Amino acid sequence: MSRPSFDRAALRAEVERFRALGLEELRQEWRRLWRSEPPQISRDLFVLALGYRIQEVEHGGLGKATRRKLQTMAKALRETGRAAPTSGSDLKPGCRLIREWHGRSHTVTVLEDGFEYAGETYPSLTQIAKKITSAHWSGPRFFGLPRVNGDSSGKGGPHG
């Protein structure tokens, strides 16, 4: 996309210009900047999204890891209705998690868009933990991953 280089004042002026546009004009700007049909969103969201897009064009978009994390969250939202990131979402693809359960070792491989266990792909560690234990566990907790608050004890029963 050929776009002149913006300085901070020019970016601010462009966002102000968006704020002055009507809804149909904002949709036209969307088509110009994204080269796709605009979504059905409010006028305020159009202004924010267009402002983000011109900054993205100027400064570059999200990093690969951030895009991957957002894709994983979107997939979880579609499949479960929840988009909360898990502590497992910071794991790099190729990382292996190993958990011993009732004398058997279970290995999970982190993928770009989920987890592989026993030759099958799962969107969450919780589904794998349930398959292994036949009970509801927090998947990250079952595999001993640290919580956001730093607790990595992995202790607690299936409802923890």
Side-chain angles (χ1 to χ4, degrees), residues 1-97 108-117 120-130 136-154 156 159-160:
M1 176 175 301
S2 60
R3 187 120 180 100
S5 185
F6 286 99
D7 61 21
R8 190 173 279 217
L11 286 169
R12 208 172 298 127
E14 187 76 348
V15 171
E16 286 304 317
R17 184 179 74 78
F18 293 150
R19 285 189 178 119
L21 297 177
L23 192 54
E24 190 50 45
E25 294 166 311
L26 290 169
R27 288 185 177 123
Q28 289 172 354
E29 287 292 327
W30 180 282
R31 288 180 190 102
R32 180 178 68 84
L33 290 170
W34 263 277
R35 299 180 184 189
S36 69
E37 284 303 306
Q40 295 296 317
I41 57 176
S42 72
R43 187 182 173 289
D44 290 339
L45 284 177
F46 267 118
V47 170
L48 292 172
L50 292 169
Y52 171 81
R53 180 64 177 159
I54 60 173
Q55 291 177 73
E56 181 182 47
V57 169
E58 172 63 18
H59 301 292
L62 298 172
K64 186 176 180 181
T66 302
R67 283 194 315 269
R68 184 174 55 241
K69 187 178 290 190
L70 288 172
Q71 288 169 344
T72 300
M73 291 173 65
K75 184 176 180 181
L77 179 62
R78 284 191 305 273
E79 293 176 357
T80 68
R82 294 183 57 206
T86 66
S87 57
S89 63
D90 289 333
L91 298 171
K92 305 275 187 250
C95 177
R96 290 182 174 229
L97 305 173
V108 171
T109 302
V110 179
L111 305 173
E112 287 282 334
D113 60 350
F115 304 90
E116 185 273 329
Y117 169 70
E120 293 185 47
T121 302
Y122 297 85
S124 73
L125 289 173
T126 298
Q127 288 181 344
I128 297 170
K130 185 171 185 175
H136 178 74
W137 275 79
S138 159
R141 189 171 191 171
F142 178 79
F143 285 97
L145 298 175
R147 290 177 151 192
V148 175
N149 68 6
D151 175 17
S152 61
S153 67
H159 300 291

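All values derive from a computational prediction rather than experimental measurement.
- Glu79 pairs by the salt bridge (Lys or Arg N to Asp or Glu O under 4.0 Å) definition with nothing, not counting sequence neighbours.
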query = Going through the distances and angles, do Asp113 and Gln71 end up as a side-chain contact (heavy atoms from CB on, under 4.5 Å)?
reply = CA-CA 7 Å; Asp113 60 350; Gln71 288 169 344; over 6 Å; no
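- Taking Thr121 as the reference, Leu111 meet the side-chain contact (heavy atoms from CB on, under 4.5 Å) condition, with sequence neighbours excluded.
- Contacts of Leu48 classified as side-chain contact (heavy atoms from CB on, under 4.5 Å), with partners at least two apart in sequence or in another chain: Leu45.
- Residues Gln127 and Ser124 approach most closely at N-OG, 3.2 Å, considering heavy atoms.
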query = Should Leu145 and Leu91 be marked as a side-chain contact (heavy atoms from CB on, under 4.5 Å) after you check the CA-CA gap, both sets of side-chain angles, and the distance that decides it?
reply = CA-CA 10 Å; Leu145 298 175; Leu91 298 171; 3.9 Å; yes
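- In Glu24, the CD atom is crowded: over 12 heavy atoms of neighbouring residues, nucleotides or ligands sit closer than 6.0 Å.
- Taking CG of Leu97 as the start and CZ of Phe142 as the end, the distance is 11.0 Å to the nearest 0.5 Å.
- Trp137 contributes atom CH2, which lies 15.0 Å from atom CD1 of Ile128 (distance to the nearest 0.5 angstrom).
- With sequence neighbours left out, Ser36 forms a side chain to side chain donor-acceptor pair (under 3.5 Å) with Trp30.
- The CG atom of Leu33 sits 7.5 Å away from atom CD of Glu14, with the distance rounded to the nearest 0.5 Å.
- Judged as a side chain to side chain donor-acceptor pair (under 3.5 Å), and not counting sequence neighbours, Tyr122 has no contacts.
- In Lys75, the NZ atom is crowded: over 12 heavy atoms of neighbouring residues, nucleotides or ligands sit closer than 6.0 Å.
- Between the CG atom in Leu77 and the CG atom in Leu70 there is a gap of 12.0 Å [rounded to 0.5 Å].
- Under the 4.5 Å side-chain criterion, counting only non-hydrogen atoms from C-beta, Phe115 is not in contact with Thr109.
- The shortest side-chain heavy-atom distance between Leu23 and Phe46 falls under the 4.5 Å cut-off.
- You'll find the side chain of Gln40 reaches within 4.5 Å of the side chain of Arg27, heavy atoms only.
- Evaluation of the side-chain contact (heavy atoms from CB on, under 4.5 Å) rule for Glu56 yields Tyr52, Arg53 as partners, not counting sequence neighbours.
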query = Which is it for Leu21 and Arg17 under the side-chain contact (heavy atoms from CB on, under 4.5 Å) test, yes or no, and what are the steps along the way?
reply = CA-CA 7 Å; Leu21 297 177; Arg17 184 179 74 78; 3.9 Å; yes
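- For the residue pair Phe18 and Val47, the shortest heavy atom distance occurs at O-CG2, 3.9 Å.
- Shown here for Gly139 and Ala129, the closest heavy-atom pair between the two residues is CA-CB, 4.1 Å.
- Residues Arg32 and Arg35 approach most closely at O-CG, 3.9 Å, considering heavy atoms.
- Under the 3.5 Å distance criterion, the side-chain polar atoms of Arg67 are matched with a main-chain donor or acceptor of Leu62.
- Taking every heavy atom of both residues into account, Glu112 and Thr72 meet most closely at O-OG1, 3.9 Å.
- With sequence neighbours left out, the salt bridge (Lys or Arg N to Asp or Glu O under 4.0 Å) criterion links Glu16 to Arg19.
- Listed for the Gln55 side chain is a donor-acceptor partner under 3.5 Å among the backbone atoms of Gly51.
- For Glu116, there are no salt bridge (Lys or Arg N to Asp or Glu O under 4.0 Å) partners, not counting sequence neighbours.
- Listed by chain and number, the residues in a salt bridge (Lys or Arg N to Asp or Glu O under 4.0 Å) with Glu37 are Arg31 (sequence neighbours excluded).
- Interatomic distance, Glu25 CD to Leu50 CG, rounded to the nearest 0.5 Å: 12.0 Å.
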